[in-house]
Amino acid sequence: MGHAVPLAPAPGRGDAADTLRVCRLPGVYAPQADTALLAARLRREELRPGMRSLDLCTGTGVLAVLAALRGARATAVDISRAAIAASRLNALLHGCRIRTLRGDLDAPVARERFDLVTVNPPYVPSEDPQAPVRGARRSWDAGTDGRLLLDRVCARAPCLLTPSGVLLLVQSSLSGVAATLDALARGGLRARVVERRTEPFGPVMAARADWFAARGLTPPGAGTEELVVIRACRA
């Protein structure tokens with residue numbers, strides 16, 4: 001299945017937005033508004049040829065492909081075999097080379113350092129406190145506060161960055177933006193929100209709207225969330 005991922009999403013731009021065609025295999029997270037917002041920010045970052053980039057929770061590999069197309073030595077990591085296959089397929093489709101590694105978060109690259117790290121992790125709050133071990137929900141469910149992966153990313157980020165390295169992380173406002181900023185600061189990183197976009201709930205979020213409201217994550221009757229991209233670097 002193919003998807004056109006906008007690189008510079010903006011209300012009203014429609015077909016005028018630059019896009020990148022990607023293929024998605026069954027069970028792999030489809031690039032959506034969060035992917036597009038992160039891709040747009042990636043395009044604004046300085047990325048010189050030969051710089052090392054890492055995309056965690058890579059899914060289709062679209063962000064790794066974007067980095068590779070700009071000359072980066074790109075690495076893509078995901079725990080899903082289907083995601084790794086999709087990443088390789090999309091790199092081939094766009095005539096670029098990316099290194100693909102299967103594993104839990106940064107485990108396959110734990111001893112390496114990168115100039116740019118991008119992450120679009122699972123961040124949707126769920127009634128299940130544990131992360132799914134299989135199935136489509138593994139791409140978005142992240143515990144009752146949505147932070148099962150976010151907290152791990154924040155803890156590991158300082159060890160993954162070169163001295164001048166940059167982390168770009170996308171998440172929902174329902175998953176504690178302030179908590180992410182605080183966690184990154186505790187790790188010695190200077191972090192701030194650099195992109196924001198309000199999006200209507202998709203099917204997964206809409207089905208949980210009453211539960212979100214009951215937990216105080218949204219006002220009653222709310223049907224939107226704010227997506228944010230957080231940029232962090234060494235203080």
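When reading the values below, keep in mind they use all heavy atoms of this one structure, side chains included, and skip hydrogens, waters and symmetry mates.
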Check against side chain to side chain contact (heavy atoms under 4.5 Å, CB included), Arg48 and Glu46: CA-CA 6 Å; Arg48 297 183 302 276; Glu46 180 182 7; 3.0 Å; yes

Steps toward side-chain hydrogen bond (donor to acceptor under 3.5 Å, both in side chains) verdict (Thr180, Arg147): CA-CA 9 Å; Thr180 298; Arg147 298 200 57 84; 2.9 Å; yes

Arg52/Glu112 under salt bridge (Lys or Arg N to Asp or Glu O under 4.0 Å): CA gap, chis, key distance, verdict: CA-CA 10 Å; Arg52 303 188 70 210; Glu112 300 182 39; 2.5 Å; yes

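There is no side-chain donor-acceptor pair under 3.5 Å between Tyr29 and Asn120. Remark: the Thr118 side chain and the Asp55 side chain contain an N/O donor-acceptor pair separated by less than 3.5 Å. Side-chain atoms of Arg88 and Thr100 form a donor-acceptor pair, as typed in the model, at a separation below 3.5 Å. Side chains of Arg99 and Thr75: a donor on one and an acceptor on the other come within 3.5 Å.
Each of Val22 and Leu92 belongs to its own hydrophobic cluster when Ile, Leu, Val, Met, Phe, Trp and Tyr are linked at side-chain heavy-atom distances under 4.5 angstrom. In the hydrophobic clustering of this structure, Leu47 groups with Val65; members are Ile, Leu, Val, Met, Phe, Trp, Tyr whose side-chain heavy atoms approach within less than 4.5 Å, directly or through other members. If you chain together hydrophobic residues whose side chains sit under 4.5 Å apart, Val177 and Val153 fall into the same group. Both Leu149 and Leu167 sit in one connected hydrophobic cluster of ILVMFWY residues. Membership requires side-chain heavy atoms under 4.5 Å apart, directly or through other members. In the hydrophobic clustering of ILVMFWY residues, with side-chain heavy atoms under 4.5 Å counting as a link, Ile84 and Leu66 come out apart.
Taking CZ from Arg234 and OG from Ser164, the interatomic distance works out to 9.5 Å, rounded to the nearest 0.5 Å. Remark: Leu116 CG to Leu161 CG distance equals 8.5 Å, nearest 0.5 Å. Atoms OG and CD, on Ser173 and Glu225 in that order, are 6.0 Å from each other to the nearest 0.5 Å. Between the CZ atom in Arg208 and the CZ atom in Phe201 there is a gap of 11.0 Å [rounded to 0.5 Å]. Interatomic distance, CZ of Phe212 versus OG of Ser172, reported as 7.5 Å (0.5 Å rounding). Atoms OG and CH2, from Ser126 and Trp140 in turn, are 11.0 Å apart once rounded to the nearest 0.5 Å.
In terms of heavy-atom proximity, Ser139 sits nearest to Gly27 at OG-O, 4.0 Å. Contact between Ala191 and Ile230 at its shortest, heavy atoms only, is CB-CG2, 4.1 Å. When all heavy atoms of Ala213 and Pro219 are compared, the closest pair comes out as CB-O, 4.2 Å. Taking both residues in full, the closest heavy atoms of Ala67 and Leu42 are given as N-CD2, 4.3 Å, listed atom of the first, atom of the second, then distance. Nearest heavy atom pair, residue Ala76 against residue Ile98, reads CB-CD1, 4.2 Å. The two residues Thr60 and Cys23 have their closest heavy-atom pair at CG2-O, 3.9 Å.
At a threshold of 4.5 Å between non-hydrogen side-chain atoms, the residues Leu189 and Pro158 count as touching. Side-chain contact between Arg102 and Val77: absent, with no pair of heavy atoms (C-beta onward) separated by less than 4.5 Å. Residues Leu150 and Ser175 have side chains in contact (heavy-atom distance under 4.5 Å, counting atoms from C-beta outward). Gln171 is not listed as a side-chain neighbour of Val119, based on a closest heavy-atom distance of 4.5 Å or more. Leu168 places none of its side-chain heavy atoms less than 4.5 Å from the side chain of Val170. Contact check for Thr218 versus Leu174: side-chain heavy atoms found under the 4.5 Å cut-off. Contact annotation: the side chain of Leu69 approaches that of Leu20 to within less than 4.5 Å [non-hydrogen atoms, C-beta and beyond]. Between Thr58 and Leu63 the shortest side-chain heavy-atom distance does not fall below 4.5 Å.
At distances below 3.5 Å, not a single donor-acceptor pair connects side-chain atoms of His94 with backbone N or O atoms of Val62. Although no hydrogens or angles enter the test, the distance criterion places no donor-acceptor pair under 3.5 Å between the side chain of Arg113 and the main chain of Pro163. Side chain of Thr162 to backbone of Gly165: a donor-acceptor contact under 3.5 angstrom is found. Between the side chain of Asp115 and the backbone N or O of Ser53, no donor-acceptor pair lies under 3.5 Å. Distance alone, capped at 3.5 Å, is enough to place a donor-acceptor pair between the Ser87 side chain and the Gly59 backbone. Not one N or O on the side chain of Arg73 forms a donor-acceptor pair closer than 3.5 Å with the backbone of Pro49.
Listed by chain and number, the residues in a side chain to side chain donor-acceptor pair (under 3.5 Å) with Arg196 are Glu226 (sequence neighbours excluded). Not counting sequence neighbours, Asp210 has no partner by the side chain to side chain donor-acceptor pair (under 3.5 Å) test. Listed by chain and residue number, nothing satisfies the side chain to side chain donor-acceptor pair (under 3.5 Å) test with Asp145 (two or more places apart in sequence, or in another chain).
Taking 4.0 Å as the cut-off between side-chain N and carboxylate O, Arg156 and Asp106 count as a salt-bridged pair. A salt bridge links Arg231 with Glu45: the distance from a Lys NZ or Arg NE/NH1/NH2 to an Asp or Glu carboxylate oxygen falls below 4.0 Å. The pair Arg152-Asp104 meets the salt-bridge criterion, since a charged nitrogen lies less than 4.0 angstrom from a carboxylate oxygen. With respect to the salt-bridge test (charged N to carboxylate O, under 4.0 angstrom), the residues Arg197 and Glu195 do not qualify.
No more than 12 heavy atoms of other residues, nucleotides or ligands shown are found within 6.0 angstrom of CZ on Arg81.
Tested against Val229 for a side-chain contact (heavy atoms from CB on, under 4.5 Å), the candidates Val194, Val193, Leu169 yield a single pass: Val194.
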